[in-house]
Amino acid sequence: MRKPHREAAEKVQRIIHLCREVEAKGFNPFEVDVKAELETLRSLLPFWVKPSQLRLDGEALSGLSRVVELQEEWVRVRSRLRILDPETVKAIIGELSIPKLAEAFLRAWTPTVRIEMITRERLREAASYWARLKPRSNQLEEWKPPEGGEAREAADVKSLGISLGEDFEEELQRVFRSLLEEAEKAGGEISYWDFVKEETFRETVATAYMVSFLATYGYVKLVFNPLTGEMKLKPTPETAGKPKSGSSVAIPLDKSLLGGLRVERGGKSRLRPQG
Amino acid sequence: MSEEEKAAYARRVKRAAQLLLVQRHRTPGVKGWELRKALGKNYMKIVKLLDSELERIGLQVKIVPEEETESLDEEARLDRARFVVTVRGRLPASDAQASGWRIDDLAALAATLAYLASRQGKAPRGEVERLLSSKLPSWRVGIVLDRFVRLGYLKEDENEVLSIGWRSRVEVDLEELAETLLTLSEEVEKPSADQGDHG
């Protein structure tokens, strides 16, 4: 009679796992039909002979009683918060603009206040660190650039299909002309991602590389909208050729973020002449 | 009360202010047992005096009970609770932004906390990311959630389940947040309904 025992044990394991999932992941505890599961446990009781089987039964019972507690808490919380089930929350979030959501937060927010200061322990740590720090002249002597670094970087750029020779300037101008055209069509500014994204990931990286040069040498300005997080490119021919000072911006190019790009070679690119 | 007693109380109130305001640990505030050790058994009286002093400058003392201490007696619960100083009343948006908060981060935190509250305080990270992706560029969602975890507004366990963090429990009135979201959403619907009537 092994098979019925194994099936019975699997049923109990399923109940235990269900109760654990509800507690661990915050699922709606009313999705567990406690009455039906108790009836299941009651019907399986004749199968239990060994102490380990009875322990399993006890564990399932304990899990179900915890689900009942969670159901009570669920009702209590909802009646207090005039709640807001998950679907309603999603609908409200979809409806409200970012400023409105921020306004809701600010009405409910009382930030903590504290005074930051240096403590004796931190001063001690800092003094110890300073004492261990080698003199700057020694640091420079010890550091050596990795061998073949420049050659490796050049090889990486070439693998993107960009020539670092005399053609580079021509490529840069071609990308800039393309940017001017597309920005003009878009009203003077174009979304960074709309311009940079090509058919393949490799080509996207290559275009992003060229755009970074254009930005560094004053051909284009990167405009960032903190409200929407959108980045736009605005051509600035009046400052073309004048290297810009100031902070740099790191823009991650993640294949998963760029979504649906082919990784292989091929496809159209602003870096190659059309037609 | 004699002058000596008043002076003693005043000294202890100042000491309480130092303990609560000056950063000593990674998390702001102090535990009740630390206050009891520094100020004596009737430290709660000192805390109430300090609260009334702080009210004059728009601040307050908040007591945040530790989780799962409901079954303990009052003294034990207070011992383990965290005492922090917070702003009394609401902060204008300009002040929030001046202290480094982006408006879309505030919105994301509101959405995340409201969603977690509707899910008994926790939800898988993937679900929260999908929710926020409807409002923020997808490349920012992960960055923003990591920031909230780092600051203590959210907690994340090894199974990538997010829950409401200690800082949210201290600083955010979730009931008020839910009420305000509902009210604002009703305001958005009402003009649409009115236009429909006239159509």
Side-chain angles (χ1 to χ4, degrees), chain A residues 22-29 70 73-74 77-78 80-119 121 193 225-231 251-254 256-259, chain B residues 21-24 28-29 59-60 62 84-93 96 99 102-104 106-111 114-124 131 134-140 159 161 163 167 170-182 184-185 188-189:
Chain A
V22 166
E23 187 171 7
K25 293 189 179 165
F27 295 143
N28 183 349
L70 290 171
E73 201 182 312
W74 183 274
V77 162
R78 263 144 191 73
R80 199 180 73 227
L81 292 183
R82 249 190 83 187
I83 275 306
L84 292 208
D85 55 278
E87 291 311 313
T88 307
V89 169
K90 282 183 193 172
I92 289 175
I93 289 166
E95 251 173 23
L96 295 177
S97 63
I98 285 183
K100 285 288 178 191
L101 285 169
E103 182 189 333
F105 182 78
L106 287 170
R107 287 201 213 172
W109 188 41
T110 50
T112 48
V113 170
R114 66 179 182 181
I115 302 169
E116 291 191 356
M117 57 178 263
I118 284 194
T119 60
E121 288 73 26
W193 293 112
N225 185 335
L227 286 179
T228 59
E230 203 184 352
M231 289 186 292
I251 302 173
L253 292 175
D254 190 317
S256 62
L257 294 175
L258 292 166
Chain B
L21 284 169
V22 174
Q23 180 191 347
R24 299 159 87 231
L59 302 177
Q60 63 184 353
K62 243 188 186 171
V84 292
V85 173
T86 69
V87 168
R88 191 186 290 262
R90 305 299 168 233
L91 206 65
S99 59
R102 293 162 54 117
I103 197 167
D104 50 355
L106 294 172
L109 189 50
Y115 186 66
L116 290 178
S118 74
R119 290 283 308 264
Q120 285 194 301
K122 53 174 98 168
L131 177 76
S134 65
K135 288 289 176 198
L136 298 183
S138 49
W139 62 269
R140 280 216 71 226
N159 298 316
V161 172
S163 56
R167 196 185 279 269
V170 171
E171 297 183 0
V172 185
D173 185 338
L174 292 175
E175 293 179 29
E176 175 89 40
L177 177 64
E179 279 285 342
T180 309
L181 285 172
L182 257 176
L184 291 175
S185 135
V188 164
E189 281 171 8

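Here the structure is a predicted model, which is why all the values come from computation and not from measurement. Lettering of chains follows the sequences in order, A, B, ..., and the numbering in each one begins at 1. Heavy atoms only: backbone and side chains are in, while hydrogens, waters and symmetry mates are out.
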Smallest separation among heavy atoms of Leu184(B) and Ala104(A), with atom names: CD1-CB, 3.9 Å

Set of salt bridge (charged side-chain N to carboxylate O under 4.0 Å, His left out) partners for Lys62(B), sequence neighbours left out: none

Distance (rounded to the nearest 0.5 Å) between Lys100(A) NZ and Thr180(B) OG1: 11.5 Å

Residue from Leu181(B), Leu106(B), Leu109(B) passing side-chain contact (heavy atoms from CB on, under 4.5 Å) with Leu101(A): Leu181(B)

Which portion of Ala24(A) sits near chain B, non-hydrogen atoms under 4.5 angstrom: backbone

Pro29(A) versus Gln120(B), closest heavy-atom pair with distance: CD-OE1, 3.7 Å

Side-chain touch Ile98(A)/Leu136(B), heavy atoms, less than 4.5 angstrom: yes

Side-chain heavy atoms of Arg119(B) within contact of Asn28(A), under 4.5 Å: no

Residue pairs involving residues 89-114 of chain A (criterion ring pair (Phe, Tyr, Trp, His ring centres under 6.0 Å); sequence neighbours excluded): Phe105(A)-Trp109(A), Trp109(A)-Trp101(B)

Which atoms of Val113(A) approach chain B - backbone, side chain, both or neither, heavy atom under 4.5 Å: both

Closest contact, heavy atoms only, Ser185(B) versus Glu95(A): OG-OE1, 3.2 Å

Check: Glu23(A) main-chain N/O paired with Lys122(B) side-chain donor or acceptor under 3.5 Å: yes

Region of Leu59(B) in contact with chain A, defined by heavy-atom distances below 4.5 Å: side chain

Test item: Lys90(A) side-chain N/O and Tyr115(B) main-chain N/O as donor-acceptor pair under 3.5 Å: no

Heavy-atom contact with chain A under 4.5 Å, split by part of Val161(B): side chain

Closest contact, heavy atoms only, Ser118(B) versus Pro86(A): OG-CA, 3.4 Å

Contact check, side chains of Leu106(A) and Arg90(B), non-hydrogen atoms, under 4.5 Å: no

Under 4.5 Å from any heavy atom of chain A - which part of Val84(B): side chain

Spacing of CZ belonging to Arg167(B) relative to OG1 belonging to Thr112(A), to within rounding of 0.5 Å: 4.5 Å

Asp173(B) and Thr110(A), any side-chain heavy atoms less than 4.5 Å apart: no

